[in-house]
Amino acid sequence: MSTLAITRPVSASIGRCELSFSDRVPIDLERARAQHGLYESALRGLGCRVESLPGADDLPDAVFVEDTAVILDELAVITRPGVASRRPEIAAVAETLSSLRPLARIEAPATLDGGDVLRANRTLFVGLGSRTNQAGAEALARLAEPLGYSVVHVRVTGCLHLKSALSWLGEDRLLLDREHVDLRSPHGFRLISVPPAESPAANVLWIADTALLSGGYPRTRECLEALGLSCVTVENSELAKAEGGLTCCSLIVESSGPSTRADREPPKGQATDES
Ligand code: CIR
């Protein structure tokens with residue numbers, strides 16, 4: 001099994017990013033790029049091969065590749081993002097994914113952002129909120145259910161995406177911010193609440209049996225470590241100002257093939273650490 005992480009550079013125009021729930025504050029481009037570089041290093045440290053797409057300085061939110069596709073084992077679904085400014089981002093992603101998976105597309109009037117789709121084993125939780133509409137969630141279900149996925153629609157309020165407030169932590173574990181996600185039934189999962197006052201830490205990238213989480217949320221890290229989970233922390237303060245979390249900055253593509261464990265390299269710099 002090998003893991004590819006598709007990323008894209010932070011655009012020079014990131015300061016003009018879409019914002020839905022936060023006030024606009026200046027983003028330090030160099031710092032954002034440095035933190036993104038450490039994020040890519042952390043992914044390599046966890047055994048991923050990182051492929052960075054060409055930069056797109058005219059597309060402010062291009063770094064948030066997660067929103068442009070949903071990767072299933074059998075298929076890559078090219079999304080139709082909920083805001084028009086982000087739709088030109090999909091072309092470069094579709095081109096790269098076309099060599100890795102058969103492609104399917106979400107078509108108008110449906111909208112779907114990848115950040116609203118959380119895969120946990122063979123369950124897809126799909127958030128209905130500011131970016132993904134009912135037609136988008138239904139279009140994804142029509143593609144995924146015949147492949148054996150259960151699709152669960154979840155109402156999201158007060159945050160950008162489902163994955164801003166719900167993350168998979170491997171096996172039957174879900175990390176949840178109950179304030180924003182109306183998950184009425186656990187659907188067979190064990191629900192772990194994000195500690196009070198650490199709401200943004202509910203966005204965790206679970207990869208290589210490790211929780212990659214944003215720096216600055218010590219109680220969440222303690223909570224996950226108390227569950228016996230391995231944690232790696234990455235600073236994400238600049239892209240957080242653009243309402244981006246850690247899952248947003250990569251598309252993870254698993255494929256059968258030689259193990260990439262031999263490719264592991266330690267995370268570089270001070271902003272990451274592994275326990
Ligand atoms: C947007 O509003 O679309 C971007 N500024 C942030 C997207 C973050 N993506 C994600 O949570 N999956």
Side-chain angles (χ1 to χ4, degrees), residues 5-46 48-68 81 83 85-86 88-89 92-93 113-115 159-161 163-165 167 177 194 197-207 210-221 224 231-252 265-275:
I6 297 172
T7 62
R8 204 165 191 184
V10 180
S11 300
S13 56
I14 184 75
R16 299 199 306 273
C17 65
E18 293 286 341
L19 287 175
S20 304
F21 294 93
S22 304
D23 292 331
R24 195 170 296 280
V25 292
I27 296 174
D28 182 327
L29 179 61
E30 291 318 308
R31 194 165 146 81
R33 286 180 168 161
Q35 290 180 347
H36 189 253
L38 290 171
Y39 171 80
E40 293 176 321
S41 295
L43 290 173
R44 287 189 194 97
L46 292 169
C48 297
R49 183 168 67 82
V50 175
E51 183 177 331
S52 180
L53 296 177
D57 277 336
D58 52 331
L59 300 175
D61 285 303
V63 63
F64 303 121
V65 283
E66 172 181 65
D67 294 320
T68 59
V83 287
S85 70
R86 300 208 51 197
E89 295 173 26
V93 175
D113 276 19
C159 67
L160 182 56
H161 287 125
K163 283 202 251 185
S164 313
S167 297
D177 180 356
V194 74
E198 295 204 353
S199 194
N203 179 260
V204 170
L205 179 58
W206 180 256
I207 188 154
T210 302
L212 190 64
L213 68 159
S214 300
Y217 302 103
R219 275 178 286 194
T220 303
R221 182 167 177 147
L224 301 191
C231 295
V232 171
T233 302
V234 179
E235 291 305 327
N236 186 49
S237 56
E238 290 308 310
L239 291 181
K241 297 174 186 171
E243 298 188 14
L246 293 184
T247 63
C248 319
C249 293
S250 56
L251 280 166
I252 303 298
E265 59 182 54
K268 289 181 207 148
Q270 297 302 311
T272 61
D273 55 79
E274 189 170 2
S275 66

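- Judged as a salt bridge (Lys or Arg N to Asp or Glu O under 4.0 Å), and not counting sequence neighbours, E243 has no contacts.
- The two residues F64 and A242 make their nearest non-hydrogen contact at CZ-CB, 3.8 Å.
- By the 4.5 Å heavy-atom criterion applied to side chains, V204 and L212 are not counted as neighbours.
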Self-check item: side chain to side chain contact (heavy atoms under 4.5 Å, CB included) between C248 and K163, worked out
Solution: CA-CA 9 Å; C248 319; K163 283 202 251 185; over 6 Å; no

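- Expressed to the nearest 0.5 Å, how far CG of N236 lies from OH of Y217 amounts to 8.5 Å.
- Inter-residue side-chain proximity for S237 and R31 is flagged as met; some heavy-atom pair is nearer than 4.5 Å.
- Counting only N and O atoms by type, the side chains of T7 and Y39 include no donor and acceptor under 3.5 Å apart.
- In this model, a donor atom of one side chain and an acceptor atom of the other lie less than 3.5 Å apart for S199 and D177.
- When all heavy atoms are compared, the tightest approach of N203 to S167 is CA-OG, 3.5 Å.
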Extract all donor-acceptor atom pairs below 3.5 Å that involve side chains of residues 51-61 and protein atoms in other chains or at least two apart in sequence.
from: D57; atom 1: OD1; to: A12; atom 2: N; distance (Å): 2.7
from: D61; atom 1: OD2; to: E18; atom 2: N; distance (Å): 2.9

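- In terms of heavy atoms, L160 sits closest to S20 at CD1-OG, 3.6 Å.
- Between V194 and A202, the shortest heavy-atom distance links the atoms CG2-N, 3.8 Å.
- We find that R33 and E238 are not joined by a salt bridge, their nearest charged nitrogen and carboxylate oxygen being 4.0 Å or further apart.
- Residues satisfying the salt bridge (Lys or Arg N to Asp or Glu O under 4.0 Å) test with R219, not counting sequence neighbours, are E198.
- Contact annotation: the side chain of R44 never approaches that of R49 to less than 4.5 Å [non-hydrogen atoms, C-beta and beyond].
- C249 places none of its side-chain heavy atoms less than 4.5 Å from the side chain of V65.
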Exercise. Check the pair T233, R221 against side chain to side chain contact (heavy atoms under 4.5 Å, CB included), reporting the backbone distance first and the verdict last.
Key: CA-CA 8 Å; T233 302; R221 182 167 177 147; 2.6 Å; yes

Quiz item: Hey, mind stepping through H161 and D67 against side chain to side chain contact (heavy atoms under 4.5 Å, CB included) and telling me if it holds?
Solution: CA-CA 10 Å; H161 287 125; D67 294 320; 3.4 Å; yes

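- Note that the CZ atom of R86 and the CG atom of D113 stand 6.5 Å from one another [nearest 0.5 Å].
- Note: L246 CG to L239 CG = 9.5 Å, rounded to the nearest 0.5 Å.
- Annotation: the span from S250 atom OG to I207 atom CD1 amounts to 6.5 Å, rounded to 0.5 Å.
- Here the straight-line distance linking atom CD1 of I252 with atom CG of L205 works out to 5.5 Å at 0.5 Å rounding.
- A pairwise comparison of heavy atoms in H36 and R8 identifies CE1-O, 3.2 Å as the closest pair.
- With rounding to the nearest 0.5 Å, the separation of CD1 in I6 from OG1 in T68 is 8.0 Å.
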